[in-house]
Number of protein chains: 2
Amino acid sequence: MSEERKLTEAIVSELSRSLIEIAWHFGPKGLRGECCDDLTMPEFIALEKVSMTPDCPVQVVGHPLGFTKSGATRIVNRLARKGLIDKVKSPQDARICCVVITEKGERILRSANSRYMQKFKELLAKVPPETVPEVMKTVTVMARSLKR
Amino acid sequence: MSEERKLTEAIVSELSRSLIEIAWHFGPKGLRGECCDDLTMPEFIALEKVSMTPDCPVQVVGHPLGFTKSGATRIVNRLARKGLIDKVKSPQDARICCVVITEKGERILRSANSRYMQKFKELLAKVPPETVPEVMKTVTVMARSLKR
DNA sequence: AAAAATAAGTTGATCATGTCAACTAAATGG
DNA sequence: CCATTTAGTTGACATGATCAACTTATTTTT
């Protein structure tokens, strides 16, 4: 392996390690108790999916999370119990359960989102401001590529 | 709120949202079954901590994870059962249990790391290559700032 | 030096959260 | 109209973390 190649490996290694650290801190334990109603990370992702998908079927809620339909049912029920979403039988197809976000859900989602943003801003404050747009572009592209 | 301010908010919001998505895919469900011996993400982080800390006390393993000492004991025991670490009573202080990584642990850690790198490289392949160093610097700084 | 406080680690009980497989009920299509 | 597929649910189970109570070892106080 060439010297240059080794250097690249080292860079990618550190980069991926750093990202994992960020992932963990933003992750399952990241928002604990810091947000109203104690929304966990998967709950946040699920709620966001519901808010962005009109008449969202239960299974679809599980997609961005990589859950089985069983897991999807459970997280949907949890959010429903908390009053953040409603389950409505579809008029077109009675098998399908349209999940819709409630007023309270919208409020909580906004609140949780701003919490995450706060956390993220604290991070951004430590990097040179002129690089922020570049970083944003990159992160966005990476995130988008995950969706396929 | 000024127009400019609103724009910044929108950018930060999207950025943090994207990062959460990346976090999730790199996260608890990200490496499932893809790595030898099925190392979970917390196990990976714990093992890495052990490998970087000479004679690592049990509780310290839990620090980067945000675990209680109880949780630390359990994850340490799990890694020990898998033969990835050894627990040695400290000669200085018999209360302390020095955790050290084994040969096998080193091997698995390298292997898991390269899996994560692979995943990360796939992501990086989608961004303009000339921005990679910039992104690396930024992500590293952000990760470092989390440690305090 | 003995007693009290502190600290590291463990463990039983419990909780939260996800999977799997079997199920119900509704739609679809030969 | 019956067979198949599909959406969703549920019971049994596995995993993984917490909490509080505990043991053992060290340090501090008196």
Check the distance between [N]'s [atom2] and [X]'s [atom1] and give it to me in whole angstrom.
| X | N | atom1 | atom2 | answer |
| --- | --- | --- | --- | --- |
| B:Lys69 | D:dT18 | NZ | C1' | 13 Å |
| A:Leu39 | C:dA16 | CG | P | 15 Å |
| A:Asp93 | D:dT5 | CG | C1' | 12 Å |
| B:Gln92 | D:dA25 | CD | C1' | 14 Å |
| B:Ile96 | D:dT23 | CD1 | P | 21 Å |
| B:Glu43 | D:dT15 | CD | C1' | 10 Å |
| A:Arg74 | D:dA14 | CZ | C1' | 13 Å |
| B:Phe67 | D:dA17 | CZ | P | 4 Å |

Taking OP1 and OP2 of [N], is either one under 4.0 Å from a side-chain nitrogen or oxygen of [X]?
| X | N | value |
| --- | --- | --- |
| B:Lys87 | C:dT10 | yes |
| A:Thr73 | D:dT9 | yes |
| A:Arg78 | C:dG18 | yes |
| A:Gln59 | D:dG8 | yes |
| A:Ser70 | C:dC20 | no |

So which nucleotide from D:dG16, C:dA26, C:dT6 ends up closest to the side chain of A:Ala94? C:dA26

Starting at [atom1] of [X], measure out to [atom2] of [Y] and round the result to the nearest 0.5 Å.
| X | Y | atom1 | atom2 | result |
| --- | --- | --- | --- | --- |
| A:Ser51 | A:Asn113 | OG | CG | 9.0 Å |
| A:Arg78 | A:Leu39 | CZ | CG | 10.0 Å |
| A:Leu47 | A:Ile101 | CG | CD1 | 4.0 Å |

Between the base of D:dT6 and the side chain of A:Arg95, is there a donor and acceptor pair under 3.5 angstrom? yes

